[in-house]
Amino acid sequence: MATASTASRITRKIGIAVKKAASRRKGWYDLHMAAASGAIAQRLPLVDLVAEIRDARIPLSSEYELLRDFPALSKRIVVMNKGWMRYFEQQNCIPYGVNSHNKDSVKGLLNFIQAQVRGLCKANHHASETITIMLVGIPNVGKSALANSLHQMGRISAAEKGRLKHATVSPQPGETKDISSFKIGSHPNIYLLGTPGILPCMIHDAELCSKLVLTGAIRDGLIEQKELARYFLAILNLSDQYKKWAKFSANEDRLLSFIEHKEEGSISSKLEMRQKKQHMMDHTQDLIVNDVRGTIFDTISCFDGDIELEEDMIKLMEAELVALRDAFRVPQGLGEYVYNRVVGVKLLDLYRSGRLGHYTLDTLPLTLHHPL
């Protein structure tokens, strides 16, 4: 299909550019990642279970390649997108779909892990009073946030008191530097080992490299934000997601009138003032997101070119980037380079936070066996 080849060419160009930039200066594999790789490799044979987190947007590309060096690991839980459950079952993994932002979903994962531990103890006649589970994954897939949630819920369910530990949570990859232990269960005691995100020191596949940098697993700075924004727009333009945004195409710019509106009367409480300010900020953000959706819908709908052709796809992406300046309320007179950078940063932030929809960049392998 021509559209797929257009997207693939854009993807490869991004990946090649990232690899070249990484070779010229400090790339993604720094001294901290190298040290963490060694420490994890030493501990992996000693743990009872491994829980690998995959990025729902790239279930294949977010593979934790270090585990390939340990084929003897008998128990591996893969936490990922539910749509890929059967595929990972056929890879001799124990899959579990979870929404890490939903407490009930995380509680379900905790119960699932504890059930796996009980089964492991029963099958192996495990006499130890302590079970260790290593939580692994590439950078920026939510390991720290999930470790904190499991630790908090595990302590509450066990009715244990004491100070909770907290792993550092950041939108930037590479913030976790050390292996940390979190208690998530009792009888037997279950400890979760939170680990830093690890990537291979070399990534030969250009498309894989593109997916990792777009989703934020590889740190920003190796390539211009505009190029990453264009990569995302190519994916969006070839999807049906934008068609859901038709209702936003006639949106009026309500932001200015909202900001200029003055409350009548006095505000006696500082708390009231903070609440009104927060409401204004939340409302403004919603307006901007909806305006971005409407702008993208209008630009694609009005485009008369053929996006199966790479030249026309590039024209559409450039038109979108220009139109999005108004949607993002970018001030006038900044210059072309700054315009593109600001729009690129803001667009990527909306994509990575899921506010423009959820896109799976990997394709389910055709080798997936269907039950007879």
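Please read these numbers as outputs of a predicted model, since none were measured by experiment.
You'll find the side chain of W28 stays beyond 4.5 Å of the side chain of V213, heavy atoms only. Two residues are said to be in side-chain contact when any heavy atoms from C-beta on lie closer than 4.5 Å; S62 and M80 fail this criterion. At a threshold of 4.5 Å between non-hydrogen side-chain atoms, the residues L60 and L208 do not count as touching. Looking at heavy atoms from C-beta onward, V322 lies out of side-chain contact with Y339 at the 4.5 angstrom threshold.
Q42 is linked by a side-chain contact (heavy atoms from CB on, under 4.5 Å) to nothing, counting only residues two or more places apart in sequence or in another chain. Among residues two or more places apart in sequence or in another chain, the side-chain contact (heavy atoms from CB on, under 4.5 Å) test is passed with E311 by K315. In terms of the side-chain contact (heavy atoms from CB on, under 4.5 Å) criterion, residue partners of N340 (sequence neighbours excluded) are, by chain and number, K226, R325, E336. The side-chain hydrogen bond (donor to acceptor under 3.5 Å, both in side chains) test applied to S149 returns no partner, not counting sequence neighbours. In this structure, F70 has no ring pair (Phe, Tyr, Trp, His ring centres under 6.0 Å) partners at least two apart in sequence or on a different chain. With sequence neighbours excluded, the residues that form a side-chain hydrogen bond (donor to acceptor under 3.5 Å, both in side chains) with E63 are R68. Take V342 and apply the side-chain contact (heavy atoms from CB on, under 4.5 Å) test, not counting sequence neighbours, and it matches V330, V338, K346. Judged as a side-chain hydrogen bond (donor to acceptor under 3.5 Å, both in side chains), and not counting sequence neighbours, Q91 has no contacts. In this view, E310 and R9, K13 satisfy the side-chain hydrogen bond (donor to acceptor under 3.5 Å, both in side chains) rule, not counting sequence neighbours.
The hydrophobic cluster containing L135 also contains L49, counting ILVMFWY residues as joined when their side-chain heavy atoms lie under 4.5 angstrom apart, directly or transitively. Y191 and V50 end up in different hydrophobic clusters when Ile, Leu, Val, Met, Phe, Trp and Tyr side chains are linked at under 4.5 Å. Follow the hydrophobic side-chain contacts under 4.5 Å out from I16 and you never reach I14; the two are in separate clusters.
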For residues 228-238, dump all side-chain donor-acceptor pairs below 3.5 Å to protein atoms at least two apart in sequence or in another chain.
{"residue": "N237", "atom": "ND2", "partner": "L233", "partner atom": "O", "Å": "3.1"}
{"residue": "N237", "atom": "ND2", "partner": "E320", "partner atom": "OE1", "Å": "3.2"}

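Each of I203, V18, D55 was checked for a side chain to side chain contact (heavy atoms under 4.5 Å, CB included) with L212, and the lone residue meeting it is I203. Evaluated for a side chain to side chain contact (heavy atoms under 4.5 Å, CB included) with L66, the options T195, I138, I40 yield exactly one hit, I40. A side chain to side chain donor-acceptor pair (under 3.5 Å) with R293 holds for exactly one of N290, D291, T295; it is N290.
Pairs engaging residues 93-103 under the salt bridge (Lys or Arg N to Asp or Glu O under 4.0 Å) rule: none recorded [sequence neighbours left out]. For residues 133-142, the set of pairs meeting the salt bridge (Lys or Arg N to Asp or Glu O under 4.0 Å) definition, not counting sequence neighbours, is empty.
Put simply, CD1 on I94 and CD on Q116 are 4.0 Å apart, with the number rounded to the nearest 0.5 Å. In this structure, CG in D349 is found 9.5 Å from CG in L356, a value given to the nearest 0.5 Å. Between atom CG of residue L192 and atom NZ of residue K183 there is a gap of 13.5 Å, rounded to the nearest 0.5 Å. Separating the CD1 atom in I300 from the CE atom in M317 is a distance of 11.5 Å, to the nearest 0.5 Å. S181 contributes atom OG, which lies 10.5 Å from atom CE of M134 (distance to the nearest 0.5 angstrom). Here the CE-CD1 distance, from M153 to I184, works out to 12.0 Å after rounding to the nearest 0.5 Å.
Geometrically, R57 engages Y351 in a cation-pi contact defined by less than 6.0 Å to the ring centre and at most 45° from the axis.
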Under the criterion side-chain contact (heavy atoms from CB on, under 4.5 Å), I'd like the reasoning laid out for L150 against V106: C-alpha separation, chi angles, the key distance, then a yes or no.
CA-CA 7 Å; L150 289 171; V106 176; 3.9 Å; yes
Verify side-chain contact (heavy atoms from CB on, under 4.5 Å) between L146 and L109, making sure each step is shown before the conclusion.
CA-CA 10 Å; L146 187 58; L109 174 60; 3.9 Å; yes
For a salt bridge (charged side-chain N to carboxylate O under 4.0 Å, His left out) check, start with the C-alpha distance between D362 and R54, then their side-chain angles and the critical distance, and finish with the verdict.
CA-CA 12 Å; D362 288 337; R54 298 285 183 110; over 6 Å; no
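Salt-bridge annotation for D30 and R219: absent, with no side-chain N of the basic residue lying under 4.0 Å from a carboxylate O of the acidic one.
Note: W84 and F88 have tilted aromatic rings, judged against thresholds of 30 and 60 degrees for the angle between ring planes.
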